[in-house]
*Asks:* 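Attaching a single structure in structure tokens format; questions to follow.
Quick note on labels: first sequence line is chain A, next is B, and so on, each numbered from 1.
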Amino acid sequence: MEVRALLDIKLIRSDSDRIKDLLKRRKKMPDNIDKVLKIDEGLREITTKLNSMRAERNSISKEVAKFKASKDEKGAEKILARGKELSTEIKIKEGELSKLQKRLKELLLIIPNVPFEKVPIGKDETENVELRRWGEPRKFNFKPKAHWDLGSKRGLLDFERASKLSGSRFTVLYRGAAQMERALISFMLDLHTSKHGYTEVMPPHLVSRETMINTGKLPKFEEESYSTTLDDLFLIPTAEVPLSALHGGEILEEKSLPLKYVAYTPCYRREAGSYGKDVKGMIRQHQFDKVELVMYTTPNKSYENLESLTHDAEEVLQYLKLPYRVIEICTGDLGFVASRTYDIEAWLPSYDDYKEISSCSNVTDYQARRANMRYRKSDNTLDFIHTLNGSGLAVGRTLVAIFENYQKENGMIEVPEVLRPYMRNKEEI
RNA sequence: GGAGAGAUGGCCGAGUGGUCGAAGGCGCUUGCCUGCUAAGCAAGUGUGGGUUUUUCCCACCGUGGGUUCAAAUCCCACUCUCUCCGCCA
């Protein structure tokens with residue numbers, strides 16, 4: 001893969017001011033575009049020089065071949081020296097070239113995706129914009145418990161033994177809780193495959209370093225990842241990683257798009273730098289279950305597909321009758337690979353607030369460029385595809401939302417109706 | 001883990017040092033033919049990059065090195081796939 005394809009270098013050359021302006025809207029975004037342009041210029045200079053040197057060497061080689069064919073050893077001898085000389089010079093130039101390429105690649109790999117023009121400009125999460133709400137938070141006629149109290153008291157969630165086994169930010173689930181987790185997974189997969197047309201996938205949970213780089217999780221977020229030192233494999237932080245790299249290096253047919261995939265996997269995150277955040281309960285875990293939606297689309301359809309993907313995720317909460325709101329993430333809070341993101345937040349009585357339960361993003365061609373995923377257009381030319389991803393939903397947080405929103409005064413938890421078929425028709429746990 | 005075989009264009013597959021960016025076939029595109037479909041005939045058909053941009057040039061035959069004036073082809077290392085043996089959920 002040509003290094004310069006990592007970002008659209010031709011666009012940067014021709015429209016650098018706009019790209020720089022858009023990137024600056026992000027939080028802590030160093031202005032690397034000028035550096036990129038400078039290296040690109042040097043790279044082109046060397047490339048041009050190298051190309052003409054190679055052209056000369058190639059023509060010498062052809063002449064040598066002619067002399068040899070006509071058994072003219074002396075004629076060959078005459079130009080051999082020049083060939084040798086050129087060959088040495090070329091090697092030196094190639095060294096310069098690969099050094100520059102390496103520097104450019106290092107730069108490009110840590111430049112995030114360009115935000116969509118219409119994303120609200122803001123410095124951090126306080127400037128995210130609420131788009132819509134669904135459902136009314138329930139009015140309790142008793143004091144509702146937080147899920148960690150409720151779960152511990154009823155023997156459904158066990159934080160002490162989890163920390164004995166693995167440390168902080170792990171939970172052991174028993175009986176109805178474990179069963180409901182499983183039910184939620186099945187319910188979500190069934191909904192997305194049967195009603196929304198997604199193809200169910202069971203991907204590997206361990207992926208190579210290359211896959212992590214291709215999906216934009218590395219090199220920037222190494223300290224966020226769990227890895228296996230002996231094999232340099234990484235535990236996936238989300239199924240987005242295997243699903244979005246699934247068609248790496250492939251050329252897809254336009255008529256096969258959009259491709260829609262759904263996968264349930266556990267997700268593994270070190271949560272470095274989030275000390276003191278959501279320490280209680282099972283909101284922020286090192287391991288959690290998630291049903292993930294990923295779409296591959298043509299560039300002209302990706303923003304409208306973001307709307308439909310978000311609605312597919314929202315529908316899970318509607319079926320579960322859990323109140324939620326949808327917010328648009330402002331530029332300062334936007335994730336590394338995303339050009340536009342909607343978060344879905346479910347109502348949690350213990351937080352007396354809405355809490356993120358899904359995040360849906362248009363990644364545009366950012367991962368496609370890294371993983372070299374293209375499609376053949378009707379005019380037979382190639383272009384990078386766009387990828388989108390979204391949680392549909394984070395299962396652990398959905399369980400938490402059910403615990404807190406469906407609790408009764410006696411500590412029992414009502415099972416949402418759509419889950420009952422998956423729980424041998426239990427009405428409460 | 002041991003032994004062996006292999007990795008070439010969208011696919012199959014030929015190619016062991018010099019007009020090979022790559023034969024042949026399939027597929028695809030266009031034209032002819034045709035009541036429709038199929039078949040047939042003809043032509044075209046990899047990707048990326050540079051440039052003085054209807055031109056010329058360069059790179060790419062798993063990845064990275066090496067030998068050579070010249071590498072798909074020879075040498076080394078690595079990765080992956082397949083077959084057999086062992087082990088095993």
*Asks:* Tell me: CD of E210(A) to C1' of U63(B), nearest whole Å?
*Replies:*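 About 10 Å, once rounded to whole Å.
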*Asks:* Applying a 3.5 Å limit to both distances, which nucleotide forms a Watson-Crick or G-U wobble pair with G1(B)?
*Replies:*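 G1(B) is paired, partner C85(B).
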*Asks:* Which nucleotide, if any, forms a Watson-Crick or G-U wobble pair with C32(B), using both distances under 3.5 Å?
*Replies:*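 Partner of C32(B): G40(B).
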*Asks:* Would Y375(A) and E253(A) satisfy side-chain hydrogen bond (donor to acceptor under 3.5 Å, both in side chains), going step by step from the backbone distance to the final call?
*Replies:* CA-CA 6 Å; Y375(A) 74 103; E253(A) 288 303 320; over 6 Å; no
*Asks:* Could you work out which one of U51(B), U47(B), G18(B) sits closest to the side chain of S61(A)?
*Replies:*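 Output: G18(B).
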*Asks:* Is K355(A) paired with E404(A) through a side-chain N to carboxylate O contact shorter than 4.0 Å?
*Replies:*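 Salt bridge absent between E404(A) and K355(A).
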*Asks:* Determine the Euclidean distance between corresponding C1' atoms of C57(B) and G4(B); express it in Å to zero decimal places.
*Replies:*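 Their C1' atoms lie roughly 44 Å apart.
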*Asks:* Could you give the NZ-to-P distance, from K105(A) to G48(B), as a whole number of Å?
*Replies:*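 Distance check: K105(A) NZ to G48(B) P gives 18 Å.
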*Asks:* For residues N113(A) and T364(A), is any side-chain donor paired with an opposing acceptor at under 3.5 Å?
*Replies:*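 On atom types as modelled, these side chains qualify, holding a pair under 3.5 Å.
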*Asks:* Rounding to a whole Å, what distance do you find between K91(A):NZ and G66(B):P?
*Replies:*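 After rounding, the gap between these two atoms is 6 Å.
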*Asks:* Counting heavy atoms from C-beta on, name the nucleotide in G49(B), A59(B), U47(B) closest to the side chain of R57(A).
*Replies:*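 Nearest to the side-chain atoms of R57(A), counting from C-beta on, is A59(B).
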*Asks:* K10(A) side chain: which of A70(B), G49(B), C58(B) is closest?
*Replies:*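 Closest of the options to the side chain of K10(A): G49(B).
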*Asks:* When rounded to the nearest Å, what value does the distance between C1' atoms of A5(B) and G62(B) take?
*Replies:*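 The same atom, C1', in both gives a distance of 16 Å.
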*Asks:* Assign L382(A) to base, sugar-phosphate, or nothing according to its heavy-atom contacts below 4.0 angstrom with the strands shown.
*Replies:*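 Touches sugar-phosphate only.
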*Asks:* Is it the case that the ring center of H247(A) lies less than 6.0 angstrom away from the ring center of Y296(A)?
*Replies:*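 Yes.
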*Asks:* Which residue in the set L393(A), L348(A), L317(A), I357(A) passes side-chain contact (heavy atoms from CB on, under 4.5 Å) when paired with L322(A)?
*Replies:*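 Result: among L393(A), L348(A), L317(A), I357(A), L317(A) is the only option passing the side-chain contact (heavy atoms from CB on, under 4.5 Å) with L322(A).
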*Asks:* Could you state the atom-to-atom distance from CD of E250(A) to C1' of U47(B) in whole Å?
*Replies:*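 Atom-to-atom, E250(A) to U47(B), this comes out as 16 Å.
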*Asks:* Between A71(B) and U19(B), how many Å separate the two P atoms, rounded to a whole number?
*Replies:*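 Going atom to atom, P in each nucleotide, I get 11 Å.
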*Asks:* Taking atom P of G48(B) as reference, at what distance in whole Å does atom CG of L6(A) sit?
*Replies:*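 L6(A) atom CG is separated from G48(B) atom P by 15 Å.
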*Asks:* Across the strands shown, which category fits K62(A) at heavy-atom distances under 4.0 angstrom: base, sugar-phosphate, nothing?
*Replies:*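 Nothing: the residue K62(A), judged by heavy atoms under 4.0 Å, touches no strand.
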*Asks:* Can you see whether D343(A) engages S359(A) through a side-chain donor-acceptor pair at a distance of less than 3.5 angstrom?
*Replies:*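 Judged by distance alone, the side chains do pair up.
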*Asks:* Anything under 30° is parallel, anything over 60° is perpendicular, the rest tilted; go ahead and classify F336(A) against Y366(A).
*Replies:*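 Perpendicular.
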*Asks:* Taking 4.0 Å as the cut-off, does a side-chain nitrogen or oxygen of N58(A) come that near to OP1 or OP2 on G18(B)?
*Replies:*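 Negative; the distance criterion is not met.
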*Asks:* Which nucleotide, in any strand shown, forms a Watson-Crick or G-U wobble pair with G27(B), with both distances under 3.5 Å?
*Replies:*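 With both distances under 3.5 Å, G27(B) matches U45(B).
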*Asks:* What is the distance, rounded to the nearest whole Å, between atom CG of L104(A) and atom P of G50(B)?
*Replies:*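 One finds 12 Å between P of G50(B) and CG of L104(A), rounded.
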*Asks:* Please confirm whether the shortest side-chain N or O distance from T47(A) to OP1 or OP2 of C58(B) is below 4.0 Å.
*Replies:*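 For T47(A), the contact criterion (side-chain N or O under 4.0 Å from OP1 or OP2 of C58(B)) is not met.
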*Asks:* With rounding to the closest Å, how many angstrom separate the P atoms on A39(B) and C76(B)?
*Replies:*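 49 Å, rounded to whole Å.
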*Asks:* Start at the 5' end of RNA chain B and walk down; is the nucleotide closest to R54(A) or to K84(A) reached first?
*Replies:*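 Counting from the 5' end, the first nearest nucleotide belongs to R54(A).
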*Asks:* On a whole-Å scale, what distance lies between the P atoms belonging to A70(B) and G66(B)?
*Replies:*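 To the nearest whole Å, 12 Å.
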*Asks:* Please give the distance between the P atoms of G21(B) and C56(B) as a whole number of Å.
*Replies:*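 Per the computed distance, 16 Å lies between those P atoms.
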*Asks:* Paired with G64(B) by Watson-Crick or G-U wobble geometry, both distances under 3.5 Å: which nucleotide is it?
*Replies:*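 The base-pairing partner of G64(B), which may sit in any strand shown, is C76(B).
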*Asks:* How long is the line joining CG of L97(A) and C1' of C58(B), in whole Å?
*Replies:*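 That distance rounds to 11 Å.
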*Asks:* Taking atom P in both C61(B) and U8(B), what distance in whole Å separates the two?
*Replies:*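 C61(B) and U8(B) have their P atoms separated by 12 Å.
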*Asks:* On the nucleotide C69(B), are OP1 or OP2 found under 4.0 Å from the side-chain N or O atoms that K66(A) carries?
*Replies:*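 Checking K66(A) against C69(B): no side-chain N or O falls below 4.0 Å of OP1 or OP2.
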*Asks:* Provide the Watson-Crick or G-U wobble partner of G18(B), both distances under 3.5 Å; none if there is no partner.
*Replies:*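 Across all strands, the one nucleotide that pairs with G18(B) is C69(B).
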*Asks:* Heavy atoms from C-beta onward define the side chain here; which of G18(B), G50(B), G48(B) lies closest to that of R13(A)?
*Replies:*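 Minimum distance to the R13(A) side chain belongs to G50(B).
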*Asks:* Could you check how far CG of L7(A) sits from P of G48(B), rounded to whole Å?
*Replies:*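 Rounding to the nearest Å, CG of L7(A) and P of G48(B) are 17 Å apart.
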*Asks:* Name the pairing partner of U53(B), where a pair is Watson-Crick or G-U wobble with both distances under 3.5 Å, or state none.
*Replies:*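 Paired with no nucleotide.
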*Asks:* If each of E56(A) and I60(A) is mapped to the nucleotide of RNA chain B with the nearest heavy atom, which maps nearer the 5' terminus, i.e. the 5' end?
*Replies:*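 Residue closer to the 5' terminus by nearest nucleotide: E56(A).
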*Asks:* Using the C1' atom on both, measure G13(B) against C32(B) and round to a whole Å.
*Replies:*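 Roughly 31 Å separates the two C1' atoms.
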